[in-house]
Amino acid sequence: MAKEFSTREENYSKWYNDIVQRAGLAESSAVRGCMVIKPYGYAIWEKMQGALDKMFKDTGHANAYFPLFIPKSFFSREADHVEGFAKECAVVTHYRLKNDPEGKGVVVDGDAKLEEELVIRPTSETIIWDTYRQWIQSYRDLPILVNQWANVVRWEMRTRMFLRTAEFLWQEGHTAHATEKEALEETYQMLDVYADFAENFMAIPVLKGVKSENERFAGAVETFCIEALMQDGKALQAGTSHFLGQNFAKAFDVKFASKEGTLEHVWATSWGVSTRLVGALIMAHSDDNGLVLPPKLAPIQSVIVPIYKNDGQYDTVVGKARELYDALKAKGILVKLDDRDTHKPGWKFNEYEFKGVPVRLAIGPRDVEKGTVELARRDTLEKEVVSMDQVVERVETLLEDIQHNLYNRALNFRNENTRKADTWEEFKQILEEQGGFIEAHWDGTAETEQRIKEETKATIRLIPYDENKEAGKCVYSGEPSARRVVFARAY
RNA sequence: CGGGGUGUAGCGUAGCCCGGUUAGCGCGCCUGCUUUGGGAGCAGGAGGUCGCAAGUUCGAAUCUUGCCACCCCGACCA
């Protein structure tokens, strides 16, 4: 029936939107540029939060919460920071409404104008560093390793579900250190945490590296990132970790007395990932039958669909299904038993396929008779019949298989779509015909990067820092280059 | 903010050029019966300020003007 959703081939962005809608992840809201994250989509985010939060705690961080509102003046403290965010800030100017004298609902009360306007945080560096000034006097107060889970607002011109919305949910870590070395180590460590999360939970291979100056976070000395490749050949920045140097400490006058008795500015980092990761998850693994979720992030890892013809069969089949449900649940597997009589089995099969549930178990009268269950895996759509006493074990290994298979599939895809370009013609041809990551030499200048961007829409995604250097000539200017960098068109 | 496009039931749409019965259809929804191993069938039923406002007209979904919203393409971005 109503099966008209797009394929990736036909219309990639429509396919993406269809999945977001049909899988019940999110929908657009009454507010321009903002989305409603629906329960199933939010459940995925909660799974992400759970895994990341544990990783943060395991590396010594603690959660805290800072205000949504930031005094406007804070933004002008750090010059690059203002410049980076000024164009996309929402500003609160009044604090009261009143009845419209002309009787047309409510209006802003002009008498209730704020003395100092408040910016709704696009990120929290400024308010946090204003606070850290109070917290830090001595080297004994360091390091401060704090994370916050929060919403932020960036007034974007064009928005896309999960990938770019005016308001989004994220996590921002803000740390303060006594030495440059320690701050740098923190920056690297958190990038590793993100890469680990992307690969082992999201099943998405990522490249790690440094951003070019153009792409650097406003106010950072150096921005590190992980980049993933989506199925349409476009890159997506999946996480960033910034080495802030002493920029914010200087802007907010945060100094500490060192062991040696000198007064020094504090070294800082910040790092974040957002609900954008949900978008990455969709675009990395899903297929033309709908969403495909890696088992470790699936809100429902397995679903049991009973099949029956009449009330008598319902009782036996669902009875068996309940036993199965209990057995799976006892093993810690997130299982759902869909015993609704309002939908037919075939309908449910399609529904859970569309929602990306990794493993489906179907049990009918024939199975009860023979002591079997039919298993179907979402990643390959393969089916198998397993005897009842082996089901739980089989589901466990299937979930692991699927997790690995998705990662390997994504890794193969990335390998097949990472190419070297040594001439400008080659570079443009790869972009036009194939997309993907392009490793090419770059002369290191912002001008060349800008020109390449203008001519091809491709940007430098990152400068790999763990790659063996290989000298060559810039693909655009022909000037000498010390190493290849990674280009791509990006989200 | 520039260029292009679209607004008709919960969703998708026909009708608009050329104004004239009760605004039609598919999906979904409700009721009943038959069904149930890959999106069931039949019968009956509910659901509409035709984006908003003003104008032209005996008469506007249809023509005119203004506004709003959304989508696509550009500049910006996690």
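Chain letters run A, B, ... following the sequence lines, proteins first, then strands; residues in each count from 1.
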A:R276 has a side chain; which of B:G39, B:G37, B:A78 sits nearest to it?
B:A78
Select one nucleotide: of B:A78, B:G37, B:U36, the one nearest the side-chain heavy atoms of A:E156.
B:A78
Tell me, please, whether A:F168 has A:R276 positioned over its six-membered ring: NZ or CZ under 6.0 Å from the ring centre and within 45 degrees of its axis?
no
For A:F74 and A:F252, take the angle between the two ring planes, folded into 0 to 90°, and tell me which bin it lands in: parallel under 30, tilted 30 to 60, perpendicular over 60.
perpendicular
With heavy atoms under 4.0 Å as the rule, sort A:K457 into base, sugar-phosphate or nothing.
sugar-phosphate
Residue A:F349, side-chain atoms from C-beta onward, closest of B:G37, B:A78, B:G38:
B:G38
So which of A:E83, A:E222, A:E449 actually passes salt bridge (charged side-chain N to carboxylate O under 4.0 Å, His left out) with A:R216?
A:E222
Rounding to an integer number of angstrom, what distance separates B:A61 and B:C52 when you compare their P atoms?
11 Å
Using a 6.0 Å distance limit plus a 45 degree cone around the ring axis, check whether A:R160 lies over the aromatic ring of A:Y16.
yes
Checking B:G37, B:G38, B:U36 against the side chain of A:P365 (C-beta onward), the nearest is B:G37
Does A:Q237 reach a base, just sugar-phosphate, or nothing at all? Heavy atoms under 4.0 Å.
sugar-phosphate
From the list B:G37, B:C76, B:A78, which nucleotide is the closest neighbour of the side chain of A:E88?
B:C76
Output the single nucleotide from B:G37, B:A78, B:G39 whose closest atom is nearest the side chain of A:R366.
B:G37
Look at the side chain of A:K309 against the base of B:G37 and say whether a donor-acceptor pair falls under 3.5 Å; ignore hydrogens and angles.
no
Is A:K355 close enough and on-axis enough to A:Y40, meaning under 6.0 Å and within 45°, for cation-pi?
yes
Quick note, A:A362 side chain, CB onward, closest among B:G37, B:G38, B:A78 is B:G37
Please map the stems of RNA chain B, keeping only stretches of three or more Watson-Crick or G-U wobble pairs with both distances under 3.5 angstrom.
B:1-7 with B:68-74, B:10-13 with B:24-27, B:29-34 with B:40-45, B:51-55 with B:63-67
Using a cut-off of less than 4.0 Å, is there contact between a side-chain N or O of A:K348 and OP1 or OP2 of B:G37?
no
Give the rounded distance in Å between these two atoms: CG of A:D311 and P of B:U35.
12 Å
Return the CD1 to CZ distance between A:I226 and A:F197, rounded to the nearest 0.5 Å.
9.0 Å
Could you check which of B:G38, B:A78, B:A40 has an atom nearest any side-chain atom of A:T165?
B:A78
Ring stacking, A:W347 with base of B:G38, under 5.5 Å and under 30°?
no
Any side-chain donor near an acceptor of the partner, A:Q301 and A:K296, under 3.5 Å:
no
Given B:G39, B:U36, B:A78, which nucleotide is nearest the side-chain atoms of A:D341?
B:U36
By the 4.0 Å heavy-atom rule, please label A:N310 as base, sugar-phosphate, or nothing.
nothing
The side chain of A:E353 lies closest to which of these nucleotides: B:G38, B:U36, B:G39?
B:G38
